Number of protein chains: 4
Amino acid sequence: MTTPTPPADKGPADKAPRTERGRRTLRKLLDAAAIEFGERGFHEASITGITRRAGTALGSFYTYFNSKDEIFRALVDDLSGKVREAARSARQQDLPALETERASLTGFLRFASEHKEIYRIIDECEFVDPDSFRLHYRNTARRIHERLAEGIRKGELREDLGEAHAWAIMGMNVFLGLRYAVWSEDAGAEEVAELANSILREGIAKR
Amino acid sequence: MTTPTPPADKGPADKAPRTERGRRTLRKLLDAAAIEFGERGFHEASITGITRRAGTALGSFYTYFNSKDEIFRALVDDLSGKVREAARSARQQDLPALETERASLTGFLRFASEHKEIYRIIDECEFVDPDSFRLHYRNTARRIHERLAEGIRKGELREDLGEAHAWAIMGMNVFLGLRYAVWSEDAGAEEVAELANSILREGIAKR
Amino acid sequence: MTTPTPPADKGPADKAPRTERGRRTLRKLLDAAAIEFGERGFHEASITGITRRAGTALGSFYTYFNSKDEIFRALVDDLSGKVREAARSARQQDLPALETERASLTGFLRFASEHKEIYRIIDECEFVDPDSFRLHYRNTARRIHERLAEGIRKGELREDLGEAHAWAIMGMNVFLGLRYAVWSEDAGAEEVAELANSILREGIAKR
Amino acid sequence: MTTPTPPADKGPADKAPRTERGRRTLRKLLDAAAIEFGERGFHEASITGITRRAGTALGSFYTYFNSKDEIFRALVDDLSGKVREAARSARQQDLPALETERASLTGFLRFASEHKEIYRIIDECEFVDPDSFRLHYRNTARRIHERLAEGIRKGELREDLGEAHAWAIMGMNVFLGLRYAVWSEDAGAEEVAELANSILREGIAKR
DNA sequence: AATGAATGAGGGTTCATTCAT
DNA sequence: TATGAATGAACCCTCATTCAT
């Protein structure tokens, strides 16, 4: 997660850096791009803005990326992977199914608090590279779905849960993250996660 | 909802049409803009594209709108209102709280199936006019929150439900709409709504 | 020959001017382009240079042409037609075959004297649009070939003349034009044409 | 003709290679440049393309040449000399004047068949280094002119032949080479040369 | 009101050349 | 000598907006 994501190795020009200095420059560009795209959005962002933030010359950008689109896609990949990692590393082995969901959401909320740009970047992906956009959410839903299936196998969850329930849970998580991690200063990750977890445990009806 | 939404009356120039002919041109422009923005997104869309679809001259656009942003905002207003209407008109008076939620979601899913462009337009709003974007979701969450409060008052819902639960429900609804109304051909609005409703009724744990 | 050559009417955007003012601007751009390309060559020429010479705004260029390539091709077409016209209009009906060649060359040399840019533009065409380049010379050779065939039919020329002889004659004409019409100030079109004609009449051997 | 053509020794930096290894690199660069310029033309060609073909690092280029122009000029020099050599070596001592011309053309056609890039490179020279371009053709015409003068001295050619006749002959040769050596696969050098020679012997009129 | 030509700021991209290692 | 990263000027093209008719 800390190694720079290089552009795809295939293609006419291999832009992978060959020296340590090159690796540093590539990393500076990716970090600067995350800020630039996050603050201004894809279309308002400019290569000039990226290189200015990175402290490199304009031309250096094209030493490592072939186009504005390419670095954007690289960034989405990067972030998509980081989100997955954040949720995964917050979980522990052999937790009950519902606790696994709670831990995943907590991890995600914490990550979103520290990477508020992620929403803007992934959302704008819908317009820049729709395939990556769909892929990101399909993969996220798939992972939730797999966890639900595991919970069913262990006899902890309703047996009729399917892909759609995974999408519903993902939607809850994403919007809670938007509202309480990105649009709010105070994190309160645990409280928000508990609240969502209570819905999953018992619904919203009075008992 | 079928009368053309005129631009705000304030500002340097009042652009409200004064003749019947003018009203027709304004309506043509708004309809064309919905298609253009829906298909290409805000930044890829062009004024030329709008006027070409509307069958008017480029210059005529500025007879009715002061800028590309302005017509976009007018459109978001229009659609935001239509979404609210779609959910509201699907409900009936004096339904139990959980049935009210089910009906709202069904109405929303049906609307989204027929207006697939709505996601693109409202999502892109985040980049074009963030205030409208936040306003749209805050208002939607507020309406859900009000319904939850009513359910609590009637003794049907858990008493600890608050704004955050409203956001969680909205997230579920939005993502189910994206996945099953916009990205799928078959509607199945009732089935999807029932599935979401079952989570609200009893959660996902095995009983 | 005096009406502006509009870009091809087909294609996504029809750029033909619809008003008289537009027609004047298109003509100004074509004339300016002939000078700019003639003086600087295709690659050194800039759209900015063309519009500056034409006295229009940069953007106006793209009102009438889709690209630098397109106006270049339009210009080559224009010039190719003008060359043909210059040679044709210098001839008269029912001249003996050799006199027809002499008159064609005279007309060509006079034209080249007044349009010295033509060599640079057509030569550079080899690199910008090779197809047009070949077409220009193939067509020119074909016309010479047809005249030779006519001379044979009239019993005035050797019966073994073919396409290759047409290319040889074209080569003579082109290089004499380069040397004595473009690289020299004094025209002397008749003298040069007579000298070339003497080769065609009797060869270069002593009799 | 096989020793690398070093850049002019004058100038700020003397770039002549000092080691055997350096000499090999210089030769690789020149050969690569001939291919790159021939295939892509001067402006489309890139230093990167040259060094990639040569298998050297980009920076090594500037160890041997000061600029893109310089290597291009070196190449034109090289090719101009090769053309001269090809025509000269095809001739023999004490041939009749007309046979000398025939042999020169045959040699040139054969050379052009094997070095089709020569036309592109020399033609583009008009735009890159007009002086070299003019020099090349002036020198070629001068050599033909000298041969004509020798033919006159020997009493074999018309006494009024001058520089212009040399240009006419050069034009024939160049265009026949373009059409039948570069644009055709089959050489047929002798046939083409005979056909041109027949024009020089007797013209094109019927006898 | 309608038309469509005119305007020009702005940004992505290329690539010859320089430089540090 | 060789390497390849760094530099930045230059240029094509887009398109929202203005303007003259």
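Note that this is a predicted model, so its numbers are computed, not measured. Below, chains carry the letters A, B, ... as their sequence lines are ordered, and counting in each starts from 1.
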Given that A/Ile47 and B/Gly59 both sit by DNA chain E, which one's nearest nucleotide is further toward the 5' end?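 The residue whose closest nucleotide sits nearer the 5' end is B/Gly59.
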Return the 5'-most residue of the pair A/Ser67, B/Ser60 with respect to DNA chain E, ranking by each residue's nearest nucleotide.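 This one resolves to B/Ser60.
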Within this structure, what is the [atom1]-to-[atom2] distance between [X] and [N], rounded to whole angstrom?
X	N	atom1	atom2	answer
D/Leu58	E/dT14	CG	C1'	14 Å
A/Lys15	F/dA6	NZ	P	12 Å
D/Tyr64	F/dT1	OH	C1'	6 Å
B/Phe65	F/dT18	CZ	P	16 Å

Which nucleotide in [options] has an atom nearest any side-chain atom of [X]:
X	options	result
C/Thr19	F/dT3, E/dA5, E/dT7	E/dA5
C/Thr63	E/dT3, E/dA5, F/dG8	E/dA5
A/Arg18	F/dG4, E/dA16, F/dT7	F/dG4
C/Ala57	E/dG4, E/dT13, E/dT7	E/dT7
B/Tyr62	F/dA2, E/dG12, F/dA16	F/dA16
C/Arg21	E/dA16, E/dA5, E/dA2	E/dA5
A/Ser46	E/dG11, F/dA5, E/dT7	E/dG11

Less than 4.0 angstrom from a charged side-chain N to a carboxylate O is my criterion; do [X] and [Y] meet it?
X	Y	answer
A/Asp77	A/Arg73	no
C/Arg40	C/Glu36	yes
A/Arg23	A/Glu20	yes

If you pin B/Glu44 and C/Glu44 to their nearest nucleotides in DNA chain F, which one's is more 5'? C/Glu44
Under the 3.5 Å Watson-Crick or G-U criterion, the dot-bracket string of DNA chain E, with | for inter-strand pairs: .||||||||||||||||||||
Heavy-atom donor-acceptor pair, C/Lys116 side chain to C/Gly38 backbone, under 3.5 Å: no
